[in-house]
Q: 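The structure is given below, and queries will be raised subsequently.
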Amino acid sequence: MIIAAAALLATAAVAETTTVTTKQLIVTPHEGDPVVFNIADLVNATFDYSQTTPPYRYIMINPKEGAGARFYLDEVQSITYNEKTEEIEVPVAEPKVGDYYYSDGTWSDGGLISINDDGTSPVWAEEKPAPIEGKKVIGIVAMTNPDRMAQADKDAGYTHGYVISSTFVHDPGNVGTNGQTFTTVKYTWDEEYTANVGPCVLATTWYADIDGRTTCANAIDIYGAMLKSKCPAIYYTDIREHPETSSRWFIPSTGQLWDIIANLCGSKTASTMLAWRTVESDATYNCSEKSLPEAPMDIFNATLAKVADSDKELLVRVDYDKYVWDPFNYKASDYRAYCPLWTCSRYNDEAMCIFEVGSPKTDGSAMIECMAEWYNGDCYLRPILAF
């Protein structure tokens, strides 16, 4: 029953109900049924006389399409105007990559015209649409390929795809020695963290891991009341509000964040990552491109260009300043010209898999890279939800 209820919620947004008023012209003959015309479908209605002897007066109704209709007035009982008001269901366009996703579980056009399933060759509208006024953006639709959705998500009724949050997850307890609250989060303080999943090392394994929701659920079940102290990344992700028609927020797995980066960080990034899918060796050593001609971070941030400042946080590069994270005081260097993003996939017994999404370096190039970070390291966290 739980799965059935989730499926009902997840499909609730396929149509919207709206009130429509139709203006009508009704011709009622002395004999027979009334004939109804929707005024919006007509060019005009004119009175005229026949070319017979004697002449007969008639009304000629001319539609925008098809043949006109002639009614002789001596055969007509009445010609009346009517307004018909009714509730109708209007189909909602299927979500696509780049669409705005709102707090009520609906979405609207983000400007994408076409894109390949692997993220290559995206075509965007010249003028990016703005979000719907009065609605709160909570994310961007980032993946809609059913073949890349976790079976557990589809079984739960979430069949549209994945949304990546427009803001970071924050841990108010992640405070430095100077009292500054970091915008990064620690993943876990548990040196024996596993979440009952194996390590993710080979690039082929990174790409194949697409079930972040189950991985996070495993950790929630394992730690119970100790989740906040043991695994703050998952705790502060799980407690975020979400629409009734979607899953809870969760940390993306390597394969899920892989697809999201390919779809939202530009064709050059997608083409680079396409070649990594079949690499049967350590991704952290063999999946790195440091000379992209376009910055994936800038392209991702462009999807949020028209989102209200209160509803978004842009990806930012990180720099070390005396070994203290200071995301508000960047250096003009190439040392850390990227944003490190957590996944929920475990690299080994000490580290988690992360992606490093590049910003422009001093020579104008940028990077994209598969990497690992210690369990208690500092990375940014961009959660996703299934809908």
Q: Show the nearest heavy-atom pair for residues A337 and K361, with the distance to one decimal.
A: CB-CG, 3.8 Å

Q: When you check the side-chain N and O atoms of D282 and Y347, is any donor under 3.5 Å from an acceptor?
A: yes

Q: Rounded at 0.5 Å granularity, tell me how far CE in M149 sits from CE in M143.
A: 6.0 Å

Q: Using modelled atom types and a 3.5 Å cut-off, is there a donor and acceptor pairing between side-chain atoms of T237 and backbone atoms of A233?
A: yes

Q: Verify whether one side chain among Y162 and D153 offers a donor that lies under 3.5 Å from an acceptor in the other.
A: yes

Q: Would you check if the distance from the ring center of Y375 to the ring center of Y187 is below 6.0 Å?
A: no

Q: Going by distance alone, is a donor N or O of one side chain under 3.5 Å from an acceptor N or O of the other, for N286 and S281?
A: yes

Q: Kindly indicate, with the supporting measurements, whether the criterion salt bridge (charged side-chain N to carboxylate O under 4.0 Å, His left out) is fulfilled by D259 and R148.
A: CA-CA 8 Å; D259 291 336; R148 292 291 292 167; 2.8 Å; yes

Q: Within the 3.5 Å criterion, strictly below it, is a donor on R382 or T167 matched to an acceptor on the partner's side chain?
A: no

Q: As a quick check of understanding, evaluate side chain to side chain contact (heavy atoms under 4.5 Å, CB included) for F300 and I140, giving each step before the final call.
A: CA-CA 10 Å; F300 178 92; I140 299 295; over 6 Å; no

Q: E87 and T19: side-chain donor and acceptor closer than 3.5 Å?
A: yes

Q: Please determine if D109 and K96 form a salt bridge, counting it only when a charged side-chain N lies under 4.0 Å from a carboxylate O.
A: yes

Q: Please name the pair of heavy atoms, one in D118 and one in R277, separated by the smallest distance, quoted to 0.1 Å.
A: CB-NH2, 3.2 Å

Q: Is the Y49 to Y58 ring centre distance short of 6.0 Å?
A: no

Q: Run through W107, Y158, Y102 and flag the one making a ring-ring contact (aromatic ring centres under 6.0 Å, His included) with F387.
A: W107

Q: Mind running side-chain hydrogen bond (donor to acceptor under 3.5 Å, both in side chains) on T22 and N38 for me, showing each step along the way?
A: CA-CA 7 Å; T22 304; N38 291 333; 5.2 Å; no

Q: Short question: side chain of W276, backbone of A203 - any donor-acceptor pair under 3.5 Å?
A: no

Q: For a quick test of reading the model, state the closest non-hydrogen atom pair linking N62 to M60 and the distance between them.
A: OD1-CG, 3.6 Å

Q: Is a donor from one side chain sitting under 3.5 angstrom from an acceptor on the other, for D190 and T188?
A: no

Q: Any Lys/Arg nitrogen of D311 or K136 sitting under 4.0 Å from an Asp/Glu carboxylate oxygen of the other?
A: yes

Q: Decide if the gap between the ring center of F355 and the ring center of W206 is smaller than 6.0 angstrom.
A: yes

Q: Using the ring of each side chain (for Trp, its six-membered ring), is Y193 parallel, tilted or perpendicular to Y223, with breaks at 30° and 60°?
A: parallel

Q: A quick test of your reading: do over 12 heavy atoms of other residues, nucleotides or ligands sit less than 6.0 Å from CG of D33?
A: no

Q: Count the heavy atoms of every other residue, nucleotide or ligand shown that sit under 6.0 Å from NZ of K228, and state whether that count exceeds 12.
A: no

Q: Where the side chain of Q256 meets the backbone of G212, is there a donor-acceptor pair that is under 3.5 Å apart?
A: yes

Q: Do V185 and M371 sit in one hydrophobic cluster, given that two such residues count as connected whenever their side-chain heavy atoms are within less than 4.5 Å of each other, even indirectly?
A: yes

Q: Hydrogens and angles aside, do T362 and D334 bring a side-chain donor and acceptor to less than 3.5 Å of each other?
A: yes

Q: Show the nearest heavy-atom pair for residues L112 and V123, with the distance to one decimal.
A: CD1-O, 3.5 Å

Q: Using side-chain heavy atoms (C-beta onward) and a distance below 4.5 Å, is Y338 in contact with E369?
A: no

Q: For a quick test of reading the model, state the closest non-hydrogen atom pair linking Y100 to A130 and the distance between them.
A: CE1-C, 3.7 Å

Q: Quick one: pull up NZ in K23 and OH in Y81 and give me the separation to the nearest 0.5 Å.
A: 4.5 Å

Q: Answer yes or no: is there a side-chain heavy-atom contact under 4.5 Å between V279 and L202?
A: no

Q: Answer yes or no: are there more than 12 heavy-atom neighbours, outside E191 itself, under 6.0 Å from its atom CD?
A: no

Q: Between I368 and C265, is any pair of side-chain heavy atoms under 4.5 Å apart?
A: no

Q: Looking only at atom types and distance, does a side-chain atom of N263 sit under 3.5 Å from a main-chain N or O of A142, one as donor and one as acceptor?
A: yes

Q: Taking CD in Q151 as the centre, count heavy atoms belonging to other residues, nucleotides or ligands within less than 6.0 Å. Is the count above 12?
A: yes

Q: About how many Å separate CG of D99 and OG of S108, when rounded to the nearest 0.5 Å?
A: 6.5 Å

Q: Do K84 and T21 have side-chain N/O donor and acceptor atoms under 3.5 Å apart?
A: no

Q: Determine, step by step, whether V76 and T28 satisfy the side chain to side chain contact (heavy atoms under 4.5 Å, CB included) criterion, reporting the C-alpha distance in whole Å, the side-chain angles of both residues, the deciding distance to 0.1 Å, and the verdict.
A: CA-CA 6 Å; V76 170; T28 303; 5.9 Å; no

Q: Answer with yes or no whether the side chains of S229 and Y235 bring together a donor and an acceptor at under 3.5 Å.
A: no

Q: Quick check: do P383 and R240 have side-chain heavy atoms less than 4.5 Å from each other?
A: yes

Q: Please confirm whether the backbone N or O of D238 pairs with a side-chain atom of R248, one donor and one acceptor, at under 3.5 Å?
A: yes

Q: Quick one: do D378 and K186 satisfy salt bridge (charged side-chain N to carboxylate O under 4.0 Å, His left out)? Show the steps, please.
A: CA-CA 5 Å; D378 280 287; K186 308 285 188 182; 2.9 Å; yes

Q: Going by the side chain to side chain contact (heavy atoms under 4.5 Å, CB included) test, name the single residue among S246, P252, S165 that passes it with L385.
A: S246

Q: Regarding N218 and T215, do their side chains bring together a donor and an acceptor under 3.5 Å, going by distance alone?
A: no

Q: Show your reasoning for whether side-chain hydrogen bond (donor to acceptor under 3.5 Å, both in side chains) applies to K135 and T106.
A: CA-CA 9 Å; K135 289 199 173 191; T106 61; 2.7 Å; yes

Q: Are there over 12 heavy-atom neighbours, none belonging to E86, within less than 6.0 Å of that residue's CD?
A: yes

Q: Quick one: OG on S288 to CE on M367, what's the gap to the nearest 0.5 Å?
A: 5.0 Å

Q: Going by atom types alone, do Y207 and T254 pair a side-chain donor with an acceptor below 3.5 Å?
A: no

Q: Establish, from distance only, whether the side-chain atoms of N44 and T46 form a donor-acceptor pair under 3.5 Å.
A: no

Q: Considering non-hydrogen atoms only, spot the tightest contact between I354 and W342 and give its length.
A: CG2-CE3, 3.6 Å

Q: Can you find a side-chain donor-acceptor pair between S50 and T52 that sits under 3.5 Å?
A: yes

